[in-house]
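Comments concern the structure below.
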Amino acid sequence: METLRSSHSATNPRGGRGARRWRQLASPPVFHGVAGQLVPWFAGLAAVFASAGLVFAFGIAPTDHQQGEVYRILFIHVPAAWMSMFLYLVAALHAALGLVFNSRLSPLMARAVAPTGALFTVIALWTGAVWGKPTWGTWWVWDARLTSELILLFLYLGYLGLVNATDDPRRADRGGAILLLAGAINIPVIYFSVQWWNTLHQGASIRLTAEPTIALPMLAGLLLMTVACWAYSVAVALARVRCLIAERERMEGRA
């Protein structure tokens, strides 16, 4: 990590104290240490919230009067679907910051976030199929919501394949960033698909502009599981970006 430390010490901060702190935090060697301190905290939060969420999901939330017990897969399916979209936007935001400000940390954050986003997309698609079989009578339909979510998985896989297949890391970062930004248009398509088209997928039970249409214990379990997924994503992304910082440093040291 000597080169990283040297790079950090060579910076010439300008602006106010707040701006200098943000620039220092965006420095890979500084962020490497901060991330290492935050990982256990977010991992612990994920475990606590997941435990509480599972208690609500499988012990407190009542049986649905229409779907029976099978609806409980919602407590995994919905947070996974939300995180799949949210993490893509986070990765695209870091990609944009890397392109605009040519920062060293942002492309690494995009790389660190994308695998977890792809994982949640797979979980959302898989649990959706498991839920769809007893309720719709089929594992899969080319429904607008399902199809756009599948496209999201292809975008994640395309990005990961691109950045890992190119030998020049800076060129890989730029190419991956362009792909992420172009694919971001798919996120509103996923979110609004049930409103824009006559789709088999049910509408949202939770909206910012309306009262929830599910019972309070169900809502509590859903939100707790969502926070658990978010904390897990932060912990994993921070752990992964530490590895990427060290790897990028070794590559630049050999150049």
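Hydrogens, waters and symmetry mates are skipped; everything else that's a heavy atom, side chains included, is used. Keep in mind that this is a model prediction, so the values were computed, not measured.
With a 6.0 Å radius and a threshold of 12 heavy atoms from other residues, nucleotides or ligands, Tyr71 has its OH atom above the threshold. Atom CZ of Phe101 is surrounded by 12 or fewer heavy atoms from other residues, nucleotides or ligands within 6.0 Å. Counting non-hydrogen atoms of neighbouring residues, nucleotides and ligands closer than 6.0 angstrom, the CH2 atom of Trp136 exceeds 12 such neighbours. A 6.0 Å sphere centred on CG of Asp167 holds no more than 12 heavy atoms belonging to other residues, nucleotides or ligands. The environment of CZ in Phe75 is crowded: more than 12 heavy-atom neighbours from other residues, nucleotides or ligands sit within 6.0 Å.
Annotation for Phe31 and Leu105: closest pair CG-CD2, 3.6 Å, computed over non-hydrogen atoms. Residues Arg72 and Ala57 come closest through the heavy atom pair NH1-O, 2.7 Å. Across all non-hydrogen atoms, the minimal contact from Ala110 to His94 is N-CB, 4.0 Å. Counting all heavy atoms, side chain and backbone alike, Arg242 lies closest to Ala35 at CG-CB, 3.7 Å. The two residues Ser106 and Gly98 make their nearest non-hydrogen contact at CB-N, 3.6 Å. The shortest non-hydrogen separation linking Ala172 to Val163 is O-CG1, 3.6 Å.
Rounding to the nearest 0.5 angstrom, the gap separating the OH atom in Tyr191 from the CH2 atom in Trp82 is 8.5 Å. Taken from CG in Leu162 to CZ in Arg171, the straight-line distance is 9.5 Å, to the nearest 0.5 Å. Going from atom CG of Asn102 over to atom CZ of Arg174 covers 8.5 Å, rounded to the nearest 0.5 Å. In this structure, the separation between CG on Leu224 and SG on Cys229 is 11.0 Å, given to the nearest 0.5 Å. Separating the OG1 atom in Thr63 from the CD atom in Glu69 is a distance of 3.5 Å, to the nearest 0.5 Å. Glu249 contributes atom CD, which lies 7.0 Å from atom CZ of Arg104 (distance to the nearest 0.5 angstrom).
The side-chain heavy atoms of Asn186 and Phe154, taken from C-beta on, include no pair separated by under 4.5 Å. Within the 4.5 Å cutoff, no side-chain heavy atoms of Tyr232 are placed close to those of Leu45. Residues Met109 and Leu244 are not in side-chain contact: their nearest non-hydrogen atoms beyond the backbone lie 4.5 Å or more apart.
At a threshold of 4.5 Å between side-chain heavy atoms, the hydrophobic network of Ile, Leu, Val, Met, Phe, Trp and Tyr places Trp140 and Leu153 in one connected group. Note on Leu89 and Leu181: separate hydrophobic clusters, where clusters join Ile, Leu, Val, Met, Phe, Trp and Tyr whose side-chain heavy atoms are under 4.5 Å apart, directly or indirectly. Hydrophobic clustering places Leu160 together with Leu155 (ILVMFWY residues linked when any side-chain heavy atoms are closer than 4.5 Å, directly or through intermediates). Under a hydrophobic clustering in which Ile, Leu, Val, Met, Phe, Trp and Tyr are joined whenever their side-chain heavy atoms come within less than 4.5 Å, directly or via other members, Ile151 and Tyr159 fall into the same cluster. The hydrophobic cluster containing Leu238 does not contain Leu93, counting ILVMFWY residues as joined when their side-chain heavy atoms lie under 4.5 angstrom apart, directly or transitively.
Checked for salt-bridge contact, Arg248 and Asp173 meet the test: a charged N lies under 4.0 Å from a carboxylate O. Here Arg250 does not pair with Glu247 in a salt bridge; the nearest charged N to carboxylate O distance is not below 4.0 Å.
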Point to revise | Residue pair Leu219, Phe56: steps toward the side chain to side chain contact (heavy atoms under 4.5 Å, CB included) verdict | key: CA-CA 9 Å; Leu219 177 63; Phe56 271 88; over 6 Å; no
Practice item. Give the C-alpha distance, both sets of side-chain angles, the deciding distance and a yes or no for side chain to side chain contact (heavy atoms under 4.5 Å, CB included) between Phe120 and Ser233. Key: CA-CA 10 Å; Phe120 277 120; Ser233 301; 3.1 Å; yes
Point to revise | Derivation and outcome, side chain to side chain contact (heavy atoms under 4.5 Å, CB included), residues Glu149 and Thr121 | key: CA-CA 7 Å; Glu149 184 75 10; Thr121 308; 3.6 Å; yes
**Study point:** Residues Trp126, Trp139; criterion side chain to side chain contact (heavy atoms under 4.5 Å, CB included); working and verdict
**Key:** CA-CA 9 Å; Trp126 176 68; Trp139 298 100; over 6 Å; no
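Between Phe42 and Trp230, the ring center distance clears the sub-6.0 Å criterion. When ring centroids are compared, Phe192 and Trp196 come within the 6.0 Å threshold.
For the pair His77 (side chain) and Ala124 (backbone), a donor-acceptor distance under 3.5 Å is present. Using a distance-only test at 3.5 Å, with no hydrogens or angles considered, a donor-acceptor pair links the side chain of Tyr156 to the main chain of Ser84.
With 3.5 Å as the limit, one finds a donor-acceptor pair spanning the side chains of Ser193 and Arg145. A donor and an acceptor atom, one from each side chain of Arg240 and Thr116, are located under 3.5 Å apart. Thr135 and Gln67 share no donor-acceptor pair across their side chains, judged by distance under 3.5 Å alone.
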